[in-house]
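Source: prediction; values computed, not measured. Basis for what follows: all heavy atoms, side chains included, without hydrogens, waters or symmetry-related copies.
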Protein chains: 2
Amino acid sequence: MLKTLPCGKKQSTQAHSGSKNQDWKVLLDRYLKEKGLRATRPREHVAEVAMSRETHFDIQSLIKEVRAIHPEISPATVYRSVNTLCEAGILTETLQSQGGVTLYESALEDHHDHIICVDCGIIFEFHDATVEKAQQKAIESQGFEEIRHRHVVYARCTQPKRI
Amino acid sequence: MLKTLPCGKKQSTQAHSGSKNQDWKVLLDRYLKEKGLRATRPREHVAEVAMSRETHFDIQSLIKEVRAIHPEISPATVYRSVNTLCEAGILTETLQSQGGVTLYESALEDHHDHIICVDCGIIFEFHDATVEKAQQKAIESQGFEEIRHRHVVYARCTQPKRI
DNA sequence: ATGAATGCAAAGGTTTTGCACCCCC
DNA sequence: GGGGGTGCAAAACCTTTGCATTCAT
């Protein structure tokens, strides 16, 4: 499935085989049971909205979307739920927006790095095995063992584009 | 020049050839003139303290150091000066600390990426030509032209360490 | 019933802004 | 002298926390 970006590029929306898209419910349930936590309505609603996002989002926008449907859910609950979802391993912090706000995205997507166009602001995802492998080697030669990484390239579209 | 880190590693403090260490004064002056801005005492003091830092720092720590010597300089001025220094191209935002606070460092150092040890929290700098080259190629093949990048690897020390 | 989770409001912390005064050019 | 810069304090934000109440188990 392809989506046309403002810069004229096409980007996979990562609809994948469709299996992962429901996995989070299983994983979340398992995590909650393990920890003796509860599957409450507000918590599940935040999870539903968060996991339906296709790309990076910040908590403020999540709060807006959640409260548009369930105005009784407080911002504090959204913050608390997002933390729980991160601990459950189905969400991860990714980038920091220019304003320094933390952005999140599903932890169940395949790993990818990011290219941000400084002209049109679009966030493009890429994965390159050579880069990953070279990085792995470099890290190990320094005596470290990689856990995860965040690789963001600020760039400019070089192809004809329509801003 | 080597510095021993808490994890037992040694890291160059990048004292270099010594030429760059004064460059910022020239660059700042040039920038201020260009933009019709003024070389005021508080602004120069913030620059002096900021450029004397050897690694990443956050604004709060800068405020503390600046006010230790010049208590009359207000936090607002430090914020404003740091922004100016970034626009002048002698400082850059680098990472975001775990708390989401923006960290800065001199923009005149050689480019390097970062490894953050999730155990001891140390920020280790590395540069690997293979990684850089592979990235360059990957970005170009996607139709982008790199401007700058931020590559942070969260890892664990694998060598014996003293925390 | 029991303790986790929520909503609300208040607190905490960082960064920005308005404005009168100051001082570099 | 004029306009940018500063200090101060207030405001604006984002995020966390305390507490009484609600609700899942």
Rounded to the nearest Å, what distance is computed from the [atom1] atom of residue [X] to the [atom2] atom of nucleotide [N]?
X	N	atom1	atom2	result
B:Asp29	C:dC24	CG	P	15 Å
B:Ile73	D:dA9	CD1	C1'	18 Å
B:His45	D:dT6	NE2	C1'	15 Å
A:Lys35	C:dA5	NZ	P	12 Å
B:Asp58	C:dG13	CG	P	14 Å
B:Asn83	D:dG4	CG	P	18 Å
B:Gln60	C:dG12	CD	P	16 Å
B:Leu32	D:dG3	CG	C1'	15 Å

**Asked** Hey, does B:His112 have a side-chain heavy atom less than 4.5 Å from the side chain of B:His151?
**Response** no
**Residue pair B:Glu109 / B:Glu125, side-chain heavy-atom distance below 4.5 Å** = no
**Parallel, tilted or perpendicular, as decided by the 30° and 60° cut-offs, for the rings of B:His111 and B:His127** = perpendicular
**Request:** When you get a sec, tell me which of C:dT16, D:dC14, C:dT15 is the closest nucleotide to the side chain of B:Ile59?
**Result:** C:dT15
**Request:** Return the set of residues passing ring pair (Phe, Tyr, Trp, His ring centres under 6.0 Å) with B:His45 (not counting sequence neighbours), or none when no residue passes.
**Result:** B:His70
**Asked** Rounded to the nearest 0.5 Å, how far apart are CD1 of A:Ile147 and CD1 of B:Ile116?
**Response** 11.0 Å
**Request:** Do nucleotides 18-25 of chain D as a string where each nucleotide becomes B, S or -: B if the base has a protein heavy atom under 4.0 Å, S if just the sugar-phosphate does, - if no protein is that close.
**Result:** B-----BS
**Prompt:** Taking OP1 and OP2 of C:dT16, is either one under 4.0 Å from a side-chain nitrogen or oxygen of B:Tyr79?
**Reply:** no
**Prompt:** OP1, OP2 of C:dT6 versus side-chain N and O of A:Ser74: anything below 4.0 Å?
**Reply:** no
**Item:** More than 12 heavy atoms of other groups within 6.0 Å of A:Arg41 CZ
**Value:** no
**Message:** What I want to find out is whether A:Glu65 reaches A:Arg53 closely enough, with some N-O distance under 4.0 Å, to be called a salt bridge.
**Reply:** yes
